[in-house]
Amino acid sequence: MATIQLRTSIPGPKSKALAERRAAAVPRGISHGTPVYVAKAQDAWLEDVDGNRYIDFAGGIGCLNVGHRQEPVLAAVREQLDRYLHTCVQVTPYEGYVRLAERMNQVTPGKFPKKTLFVNTGAEAVENAVKIARAHTGRPGIIAFEDAFHGRTMMTLALTSKTHPYKAGFAPFPGDVYRIPYAYCYRCSYSLKYPSCDLYCARHLEDTFKRVVASEDVAAVIAEPVLGEGGFVVPPPDFFPVLIDICHRHGVLFIADEVQSGFGRTGTLFASEHFGIEPDILVSAKSIGGGLPLAAITGRAEIMDAPGPGGLGGTFAGNPVSCAAALAVLDLFGREIGNRFQKRAKEWQRRWPMVGDVRGLGGMQAIELVKSAATREPAADETKQITQYCYEHGLITITAGSYSNVIRVLVPLVVTSKQMDEALDVLEAALQAVCEKQGVAVQPV
Ligand SMILES: Cc1ncc(COP(=O)(O)O)c(C=O)c1O
């Protein structure tokens, strides 16, 4: 039997009733990509309160790389529930925190001695990475990228690029943040082509140090190894090595924000591994806790030890239940879904000019939709129509990209081949429906 089962019109009557209560009780600032209320979830599917069943291409925005409710994770959580839920590590520490720190120090890229600190969310982890980098270097400046997303707290909003809906109306943000273009080859800021560009965007950091901010005032460059909210952009293989070499020549640290690209999403535990790089500080969150809130900051031991005792921490930071779940998650990796997606998506690209770009690493895959392959004008309205079609046909998707024209795949990695094909059939039908409405000729594959 197919996984997708839509029994009512959606949202169904129970979801609609909950939506009315929600409108009265919850601020509108929290928006719902898929307005159906969840009753239960398992592996790569979820079921709403009206009994409709969906395949989940969003995975709680990349938090469920190992899948909903995996038994080894549940078992570790149950075992911890029977012992204690919370003590606050700054008051009375526990072994799970230390054991997980030891594991993180082993599994992150780089053979040098490392230390790890745990907090609750991706944004909190990025905030702490900035604090640690500043404490170590004694410098204030942070360089971030166009199309970057680092969170919704004030410092991480300063580092985030996209204005609406994230930043508009919330200024002022903390200062000493500088922005440079990412290696977004499909939309190169310098209108150059890789490899003849000779990585102008990476080398341009030298120029930034001359014309924008002196390197001796910069603590760190922070980057997502693959852009997440910015549209799943994968830089050329030599982009980060060149960039990091420039950083280190100037005593500037490199922070990898692997909140979305990490924890098995790209076929390796961290996307940094694809580029052969060893970040000075690496930030992970989302899928690390298998569905529970947890985030980690791992870095060179001497950098991590820069803040003095009491300088780091948080009441719930590194909660024992989340640590137990994360230890189970670390044991669970690896299904490859990227090849399956790429094969189908490349066919769509040949058939429909609207599919401008197909890209990704491992299970972190996306298509970028354009009104014309020649002008690359973003097809934001069509993207919305496609995600709406998917939603109405039982596939939960989310968009990304500064122009909201990227459809991304964050399906839990436990998705079966059959479910993946079923989901891709829905996405293909959505593309077909929208392209045909647009009058785009279907070219033979
Ligand atoms: C790359 C990246 N960094 C940071 C964050 C913020 O994480 P959180 O929402 O857990 O604060 C996100 C969230 O999507 C992210 O994708």
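Values below: every heavy atom of this structure, side chains too, minus hydrogens, waters and symmetry copies. We count ligands from 1, going down the list as the structure has it; atoms in each ligand are counted the same way.
- For a threshold of 3.5 Å applied to N or O pairs, the pair formed by Asp257 and ligand 1 contains at least one separation below that value.
- At a threshold of 4.5 Å between non-hydrogen side-chain atoms, the residues Leu253 and Ile132 do not count as touching.
- Taken to the nearest 0.5 Å, the CG atom of Asn65 stands 11.5 Å off from the CD1 atom of Ile288.
- Ligand 1 lies out of reach of Gly228, whose nearest heavy atom is not under 4.0 Å from it.
- Remark: among candidates Ile61, Ile222, Val259, Val283, the nearest residue to atom 15 (C) of ligand 1 is Val259, based on non-hydrogen atoms.
- Looking only at protein heavy atoms, the nearest one to atom 10 (O) of ligand 1 is Gly122 N, 2.8 Å.
- A side-chain donor-acceptor contact under 3.5 Å links Ser272 and Glu258.
- Using a 4.0 Å heavy-atom cutoff, Glu124 is absent from the residues neighbouring ligand 1.
- Closest to atom 11 (O) of ligand 1, if we only count protein heavy atoms, is Ala123 N, 2.8 Å.
- Closest to atom 16 (O) of ligand 1 among all protein heavy atoms lies Gln260 NE2, 2.9 Å.
- Within 6.0 Å of CD on Glu20 lie no more than 12 heavy atoms contributed by other residues, nucleotides or ligands.
- Rounding to the nearest 0.5 angstrom, the gap separating the OH atom in Tyr182 from the CZ atom in Phe239 is 6.5 Å.
- Considering only heavy atoms from C-beta on, His393 stays 4.5 Å or farther from Leu395 through its side chain.
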